[in-house]
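Encoded as structure tokens, the structure appears first; notes follow it.
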Amino acid sequence: METYYAEVAVLAPLPRTLSYRLPDKDGERVAPGIRVKVPLGRRSAVGVVVALKPFAVDDEAVQRERLKAIDAVLDEMPLLPERLLEFIERASRYYVHPLGLALKTALPAGLSSLKGAPKIRQTRVYRATDSSVNLRGTLQQQILSFIVQHQPVDLTQLRDQFTSPYPVLKRLEELGVICCDEQESLRDPFVGCQVTADQPPTLNEAQQSAVHSIAEGLDGGDFKPFLLHGITGSGKTEVYLHSIAAVLAADKQALVLVPEIALTPQLVARFRARFEQQGQRIGVLHSGLSAAERYDMWRAIVRDEVTIVIGARSAVFAPLTRLGMIVVDEEHDDSYKQGEGFRYQGRDMALLRGQMEQVPVVLGSATPSLTSYRRMQQGALSEVSLPTRIGDRTLPEVRLIDMREAEVEHGLSQELIEALQLRLERGEQSLLLLNRRGFSPYLLCRDCGASFRCPNCDITLTWHRQAGALRCHYCDYVEPPQELCPRCGGAAIEPEGMGTERLAAELQERFPEARIARMDRDSTAAKGAQQQLVSRMEAGEVDILVGTQMIAKGHDFGAVTLVGILDADAALNFPDFRAAERSFSLLAQVAGRAGRGDVRGEVLVQTYAPDSPVLECAVTHDYKHFVELELPMRQLLVYPPYGYLVNLVVSGLDRPAVEGCARRLAERLMAAQDVEVLGPAPCPLFRLRNRYRVQILLKASTRAALRHMLNESPQWRSIFPATVSLAIDVDPADMM
DNA sequence: AGCACGCCGACT
DNA sequence: GTCGGCGTGCTC
């Protein structure tokens, strides 16, 4: 007699879990972490079992009567280990997001819909059953002994070894000396990318002491979070590698988060070079994987076949069961924050997971986020620092160029042009950072001043000349360019402003002999294009690389001696309290790209605000000074890390309805004493994807005050008609 | 998110 | 008189 029922988090925006009776078939397989197909209203949906609960004894029959039964059990074994499930539950509560949707975000795509779960690929594997038989053919003997030595052997291996082994295998099977069966196989994302094993280098004193501190944290089996503060080129990766070696030696697994792994193939290669020869398997999880590859990787991790997982933000939910350490590389990076839906912060979740699993967490950065810096000051993070560059290479010289007085050509100051010229003559490489993709940010009619705007969003359309299209960078809208101005009929439509595409084209005119390449989201959209660009750069086949902030992250181009930053002011003038922090770290990161070889690097920063203290700190490579300037400003305004924020974004198609709802919600929230309610105010992007957007910013000096307010959020629904929606952004990274 | 129920406009 | 618009509400 069944006495249990299942609590199921359906992968839909439901406010709570639902209870179901166990199915007649496969009922014994139902356990926390198993996916199930359940009836929901008049349809079916996928859900994850979060608990099995006994019926209350007194009226079991009545309760059972009320529940529907699970339709089918979808997994053989739990896809989510129990502790991971608990972790995701905590995360969903913290971010006030329905558990079902949080699970949907955590699970690999394809597992959350009823159809479309990627196929599990099978391969034939051969095993020897009887090696005593005397075989006549030499090929038969060779193949059999190969199978005996390496079994189980799959067909690909045999094909590599022998030309057309298939008929022989068939014969051997008939003779009963081998047998063949089907086995699940994983799609290997590393196919064809071999790496050669490396030798762990000798660490310098600072690195040794960092590894020592971190490894000490391992022994205790405690939650020990570290802030690894190491300037660019100081060898942080080597500290990760050595610490992880210690984790593996203790038979535990490591999880490494990077801002966007597709951007850092070099890092993955270093991990493979260090650990693969030792029989460790490295798994990668990132947006570049196909749904099938992702699914395979997830299963491989669940089955404990992988010891190191390297991945982007969502890898913080990787189903490792023997986790021994979490590393968050470039912890200051904005891309750890998911900007929509389940708006979690990967770095913060790494800390939470580390705490729940009682393992050390290492946050590494050259320019730690002010949040982490403050935590370190308060003793919540232990600082380990790497104050010098490997091999005592000097930091590059950074100079500001005052664009108010500069002679400008193609958006480049004379000084920068001369510097580029010099590198070309010397055969050295240059990087130019321009954080704006496309040819130009808009097309303008010279006669009447009209520009082309997105019909769905509140912005101008970016002109992409190569693609021959005007594109909205916020929604999917695309339109062809027009010869004549739609407003005045004039023919004087011209591109205004400078994007990477245009910069690359104009530079080519200015330096016809130079080999110029462009790296941005557009030029790296094709699979492998990114890697190819990096390879060309490393092979010295590129003289000048033009790119968006993509070029600032993770790459290690040895021969670059000049970095030019074209629009330092863009990030600085961003309407956001974190603008200064972002600018500083971006400048520091890009500057760190220069002069990693033997020649000292030079960084030229074009700006209209040369007196800005942020730029001043970047020039002197003075992180501490920057922090000392910025922290008091944050404190004064009770912004993070001194206060806590939640951004409520009210949106909908009907402008008055949105504005009305926001006003009523804000009025209702005003009553709280310990939370400051700012707004409602229109979002900087007032209209986005056809929706009007208004925000209410909540600010408090304690998390508890905000938590208290957010606990009431289910009741706010009464204010909202179904046409107006509310997004809750806990710890927002930006407020666009 | 789906999906159905329900209450107001332009059609045979 | 209906067909169907989408606003509203529920899903064990």
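Nothing here was measured: the structure is a model prediction, and the numbers come from that model. Values below: every heavy atom of this structure, side chains too, minus hydrogens, waters and symmetry copies. Each chain gets a letter, A, B and so on, in the order the sequences are listed, and its residues count up from 1.
Counting 5' to 3', DNA chain C first comes under 4.0 angstrom of a heavy atom of chain A and last does so at the ends given by C/dG7 to C/dC12.
Residues passing the side chain to side chain donor-acceptor pair (under 3.5 Å) test with A/Gln338 are A/Arg313, sequence neighbours excluded. Remark: A/Asn456 engages no residue in a side chain to side chain donor-acceptor pair (under 3.5 Å) (not counting sequence neighbours). Applying the side chain to side chain contact (heavy atoms under 4.5 Å, CB included) rule to A/Leu653 yields the partners A/Asn690, A/Arg691; only residues at least two apart in sequence or on another chain are considered.
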What's touching nucleotides 1-6 of chain B from the protein side, N or O pairs under 3.5 Å?
{"unit_1": "B/dA1", "atom_1": "N3", "unit_2": "A/Arg43", "atom_2": "NH2", "d": "3.1"}

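Heavy-atom contacts from other residues, nucleotides or ligands closer than 6.0 Å to OH of A/Tyr477 number more than 12. Residue A/Arg375 places its CZ atom among more than 12 non-hydrogen atoms of other residues, nucleotides or ligands, all under 6.0 Å distant.
Base engagement by A/Arg16 is indicated by at least one non-hydrogen atom pair under 4.0 Å involving a base atom. Residue A/Ser19 is classed as a base contact, given a heavy-atom separation below 4.0 Å to a base.
A/Cys454 contributes atom SG, which lies 8.5 Å from atom CD of A/Glu479 (distance to the nearest 0.5 angstrom).
A/Asp731 pairs with exactly one of A/Arg343, A/Lys699, A/Arg703 by the salt bridge (charged side-chain N to carboxylate O under 4.0 Å, His left out) rule, that one being A/Arg703.
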Cut-off 3.5 Å, no hydrogens considered: what does the side-chain donor-acceptor table look like for residues 660-670 of chain A, sequence neighbours left out?
{"unit_1": "A/Arg664", "atom_1": "NE", "unit_2": "A/Gly660", "atom_2": "O", "d": "3.4"}
{"unit_1": "A/Arg664", "atom_1": "NH1", "unit_2": "A/Ile719", "atom_2": "O", "d": "3.4"}

